[in-house]
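Keep in mind it's a predicted model, so treat the numbers as computed, not measured.
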Amino acid sequence: MKYGYVRVSTKGQNTARQEVLMEQLNVDRVFVDKCSGKNTDRPQFHEMMATLREGDTVVVESYSRMSRSTKDLLETVERLNDMGVYFISKKENIDTSTPTGRLILTVIAGINQFEREVMLDRQREGIEAMPIVDGKRVSAKNGRGFGRPKKVPLDLEALIELHRMGEITVKEACERAGIGRTTWYKLQ
């Protein structure tokens, strides 16, 4: 079967243009969400994904309707591929049932990976360029330390002992120490 996915970002926006395209493309069933693409709570999207079977096709007007980012798009299309479902994005002329469509998607994935690696390289170079003062990297711009300062209370051992003796709860110990539960358990 051929399923269409239509999404607009707000309830006030009109889906008519996308729905007309779905009719022109002879889509069997259309799923419509009226919410932001970055919202992971898209009920119609989840219903569509649960409905899909091997050999089905998902059609969108533009891949921006399908996902909130390139990474999300690639993960969604990979999930569709694993299910044996094809993906067609009309605006970008991507059709994963064809070798050319799969190539275009692979190129997009490659560019996405390249951009991520370049960004991480720049970040690493920036950190390495920071001067070291008193054994810590600090910003040359403002002299502040790099990263989040560690929050370890001086009386942590005493709090741990009070907790072990049953005199205080974990919640009380965390409040006194000014740390969260996750940090508490990591420091045990």
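A 4.5 Å side-chain heavy-atom check between Tyr86 and Val59 finds every atom pair outside the cut-off. Looking at heavy atoms from C-beta onward, Glu115 lies out of side-chain contact with Met119 at the 4.5 angstrom threshold. Under the 4.5 Å side-chain criterion, counting only non-hydrogen atoms from C-beta, Tyr63 is not in contact with Val77. Under the 4.5 Å side-chain criterion, counting only non-hydrogen atoms from C-beta, Cys174 is not in contact with Lys171. The side-chain heavy atoms of Asn81 and Phe87, taken from C-beta on, include no pair separated by under 4.5 Å. Considering only heavy atoms from C-beta on, Glu61 stays 4.5 Å or farther from Val6 through its side chain. Contact check for Asn14 versus Val8: no side-chain heavy atoms found under the 4.5 Å cut-off.
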Run the side-chain contact (heavy atoms from CB on, under 4.5 Å) test on Met165 and Glu161 for me, step by step, so that the C-alpha distance in whole Å, both residues' side-chain angles and the decisive distance to 0.1 Å come before the verdict.
CA-CA 6 Å; Met165 293 178 358; Glu161 190 58 35; 3.7 Å; yes

Test log, rule side-chain contact (heavy atoms from CB on, under 4.5 Å), inputs Leu80 and Met66:
CA-CA 12 Å; Leu80 293 173; Met66 186 74 157; 3.9 Å; yes

Show your reasoning for whether side-chain contact (heavy atoms from CB on, under 4.5 Å) applies to Ile168 and Arg176.
CA-CA 10 Å; Ile168 61 173; Arg176 288 187 193 179; 3.6 Å; yes

Would you check, one step at a time, whether the test side-chain contact (heavy atoms from CB on, under 4.5 Å) holds for Leu120 with Gln123?
CA-CA 5 Å; Leu120 290 173; Gln123 182 183 35; 3.5 Å; yes

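Between the side chain of Lys90 and the backbone N or O of Leu25, no donor-acceptor pair lies under 3.5 Å. Looking at Asp33, its side chain never comes within 3.5 Å of a backbone N or O of Cys35 through a donor-acceptor pair. At least one donor-acceptor pair closer than 3.5 Å links the side chain of Gln18 to the backbone N or O of Arg7.
When the shell of 6.0 Å around CD of Glu128 is examined, it contains more than 12 heavy atoms from other residues, nucleotides or ligands. Within a 6.0 Å radius of CZ in Arg29, other residues, nucleotides and ligands contribute more than 12 heavy atoms. Heavy atoms of other residues, nucleotides or ligands lying less than 6.0 angstrom from OH of Tyr3 number more than 12.
With respect to the salt-bridge test (charged N to carboxylate O, under 4.0 angstrom), the residues Asp121 and Arg124 qualify.
Ile104 pairs in a side-chain contact (heavy atoms from CB on, under 4.5 Å) with only one of the listed residues (Val107, Thr106, Thr100), which is Thr100.
Side-chain N/O atoms of Ser64 and Ser62 include a donor and acceptor closer than 3.5 Å.
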